[in-house]
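Here the structure comes first, spelled out in structure tokens, and everything after it is commentary.
Proteins get letters first, then strands, A, B, ... in listed order; numbering begins at 1 in each.
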Protein chains: 2
Amino acid sequence: MKKTSLKQIAEIAQVSVATVSYALNDSSQVGEVTKAKIKKIAADLNYVPNLSAQNLRTNDSNIVCAVVNTYQGNFNGDVIQEIQDIFAQKKYQLLAVSGSIPNFVKTDMVDGLIVLNYRSDEAELRRIAYDLHKPTIFMTNEIAAKKTANVIINNELGIKYLFETLSKSVHRNICIITGDNNSYNSQQRLKAARKYYKKFYKHDDFDSHVYSGDFDPNTTYQLGRHFLEQNTYNAYLCFNDDMALGIYHAASSLNKTVGEDLSVVGFDDSYVSSVVSPGLTTIKVNKKTWAEEVVDQYFKIKSNSNYPETIELIPELILRDSVKLK
Amino acid sequence: MKKTSLKQIAEIAQVSVATVSYALNDSSQVGEVTKAKIKKIAADLNYVPNLSAQNLRTNDSNIVCAVVNTYQGNFNGDVIQEIQDIFAQKKYQLLAVSGSIPNFVKTDMVDGLIVLNYRSDEAELRRIAYDLHKPTIFMTNEIAAKKTANVIINNELGIKYLFETLSKSVHRNICIITGDNNSYNSQQRLKAARKYYKKFYKHDDFDSHVYSGDFDPNTTYQLGRHFLEQNTYNAYLCFNDDMALGIYHAASSLNKTVGEDLSVVGFDDSYVSSVVSPGLTTIKVNKKTWAEEVVDQYFKIKSNSNYPETIELIPELILRDSVKLK
DNA sequence: AGCCTGTGCACCGTGAAAGCG
DNA sequence: CCGCTTTCACGGTGCACAGGC
């Protein structure tokens, strides 16, 4: 009924607890015969080592924790899954938590931390990175601390591509729809958009073209309906694909055709952007590469280096038919 | 540098370790003055209790683990998020893991288990449920064991609704596309489809209308293109929404119009099904209700009852324009 | 002596029971 | 009875060492 412990196995096998521990850890300190006997008993009793005890003793858990703002949407889930797959190959267990960084990260239950799209004041992140002396990777923040690396998207380049595309579009009356204002990526994209708007449009009215869409397709559906009815804008730069879909929805509800009557571009290349009609022009970051880089940095930090490092991923433009080119 | 422990606090406060422990747990065993002093020191030193030690001692962690097959797609993420939100309100920490059920679930690090879309032979699940003496909820399986509940979708009803809808459609040449064959929901839906196909179509050729789509839109895109070119089928019943989108994609690539030239129905009411054009007729299970029921059962089991229980959620038909009715 | 196999014990941080002035 | 301390166990690890050949 109760969990089997080393002690019980030791009693049955008529050896000491230490011997059982050695045997199950395949230490050479135990003879083959005894080892086999002990292992058999352990298997029979369905023995599972108590991780709490193990961690308490060893301070090393092979457990890595990933923090996301939410499991919802087409982005976070994909990215965590990629990371999970790589860690699994290396016999590491990835745990995901959503919301705030839980206390157990600060204890010895977890070996390291991966932060994706955490939305909070950077001060807290900074504090955590600073006094958490474990490998920590930020994927959507830039925070310099020991044992910390940042593996982030080069958002400026992505925005540049999108502006270039839209500048070749027949539709030029541009509307920029941002995501959650607390999101690092949204902030970076906004900053880059400001820069390239000026460069491409030579106007100072950037702010009047910007709307907050909160990464939510329903919000952009409402916005889109309004603007399309009034003919305010005919080109939409959305900071993620989901919001772009909201514009699609608005367009079709008003019998307008994306790629004909209006242009739409998105961000992230989520799977829907290829499935939807017309295909959505979007910015892609290879999630597998991203995940590999994250895990790579993780083990680099773990093994020795602890200097802060920042790695930028170069995004790629995926051209589809949501933009009618001149 | 190193984590502060009760011991260090005790030394500074010039009291025993036990007193510190009592003080921080607000026990009445300690005088107010000492308590305040100790708390201040703990705060200053940034004390965080070591969960491994706590669990080892108390066998109770306030951590619940959710297992999913993958974080990807529009379904699992939504559901986990709902569950997470409810647990968070109750000061429980939900951890998510993807892949197989990790060892730490079997140790005392985790209080209970929630299994969603785990794909494996049921034998393993049964074994786990049987000798894991913690609250366990299966959301996509029916497994009877102590301290175990099943909170599942009534798939038969959902399939029935979809057949009723398609039987009123102008398109009647029906193609049934299943998901992953290891998925419980896919299996249940297939079983129900077999039943209702016979009822509505009075034919014995069910199996020749069934194709495996693996829950993947690209697979159904290929299937859809093939069938639509050959005019094999003009009504598609997909076991989830993503696959239905693949049919949408195939249709538009062949200049056919969903809801006009063909009918499509899906399952799950993921957010895309309302955003896409035409809207996708689909089966909805209220995820919030589902999550509430799961958490409810969790605490019921935890507090006392340990008899197996099965709760079925009644799904709802969401009618949109992907089916042209007579 | 040296190798092989196995044991005793201190220790991680916590919390509960019992003890004590 | 209050306020605090001592002691112990939770489960597992690995060092230092013991005893036999």
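- At the phosphate of C/dG13, neither OP1 nor OP2 sits under 4.0 Å from any side-chain N or O atom of B/Gln54.
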Quiz: residues 42-49 of chain B side-chain donor-acceptor pairs under 3.5 angstrom, not counting sequence neighbours:
| residue | atom | partner | partner atom | Å |
| --- | --- | --- | --- | --- |
| B/Asp44 | OD2 | B/Lys40 | NZ | 2.7 |

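- Looking at which nucleotide of DNA chain D each of A/Lys7 and A/Gln29 is closest to, the 5′-most match is held by A/Lys7.
- An end-to-end axis angle of 70° holds for the helix from C/dG2-D/dC21 to C/dG21-D/dC2, taken from five base pairs per end and rounded to 10°.
- Checking C/dG8, C/dT14, D/dT13 against every side-chain atom of B/Ser5, the shortest atom distance belongs to C/dT14.
- A donor-acceptor contact under 3.5 angstrom links the side chains of A/Gln81 and B/Ser98, judged on distance only.
- Dashed line: the shortest gap from a side-chain N or O of B/Asn55 to OP1 or OP2 of D/dC10 is not under 4.0 Å.
- Counting any heavy atom pair closer than 4.0 Å across all strands shown, B/Thr58 reaches sugar-phosphate atoms only and no base atom.
- Residue B/Asn25 contributes atom CG, which lies 17 Å from atom P of C/dG13 at whole-angstrom precision.
- In terms of position along DNA chain D, the nucleotide closest to B/Thr34 lies nearer the 5' end than the nucleotide closest to the other residue of the pair A/Val48 and B/Thr34.
- Between A/Asp111 and A/Lys302 there is a salt bridge, with a side-chain nitrogen of the basic residue lying less than 4.0 Å from a carboxylate oxygen of the acidic one.
- Nearest to the side-chain atoms of A/Leu56 among the listed nucleotides C/dT14, C/dG13, D/dT13 stands C/dG13.
- If you check every strand for non-hydrogen atoms under 4.0 Å, A/Val15 touches sugar and phosphate atoms only.
- When the C1' atom of C/dG6 is taken as reference, atom CG of A/Asp26 falls 16 Å away, rounded to whole Å.
- Comment: B/Asp78 does not engage B/Lys288 in a salt bridge, judged by the lack of any side-chain N to carboxylate O separation of less than 4.0 angstrom.
- B/Tyr22 contributes no side-chain N or O that forms a donor-acceptor pair with the base of D/dC2 under 3.5 Å.
- Without hydrogens or angle criteria, B/Glu312 side chain to B/Ile152 main chain gives no donor-acceptor distance under 3.5 Å.
- The side chain of B/Ser21 lies closest to C/dG15, out of D/dT13, C/dG15, C/dC12.
- Within 4.0 Å (heavy atoms only), B/Thr19 reaches at least one base atom of the nucleic acid.
- Going from atom CG of B/Leu6 over to atom C1' of C/dA16 covers 14 Å, rounded to whole Å.
- Remark: B/Asn50 is not in phosphate contact with C/dC12, judged by side-chain N or O atoms under 4.0 Å from OP1 or OP2.
- In this structure, CD of A/Gln8 is placed 16 Å from P of D/dA9, rounded to the nearest angstrom.
- Distance check, rounded to the nearest 0.5 Å: CD of B/Gln14 to OG1 of B/Thr19 gives 12.0 Å.
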task = Assess whether ring-ring contact (aromatic ring centres under 6.0 Å, His included) is satisfied between A/Phe87 and A/Tyr298, documenting all intermediate values.
result = CA-CA 10 Å; A/Phe87 270 120; A/Tyr298 182 88; 5.3 Å; yes
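- The line from NZ of A/Lys35 to OG of A/Ser28 is 7.0 Å long, rounded to the nearest 0.5 Å.
- With rounding to whole Å, A/Lys35 atom NZ is found 13 Å from C/dC4 atom P.
- Computed from coordinates, the B/Gln14 CD to D/dT6 P distance equals 12 Å when rounded to whole Å.
- Taking atom CG of A/Leu24 as the reference point, atom P of C/dG6 lies 13 Å away to the nearest angstrom.
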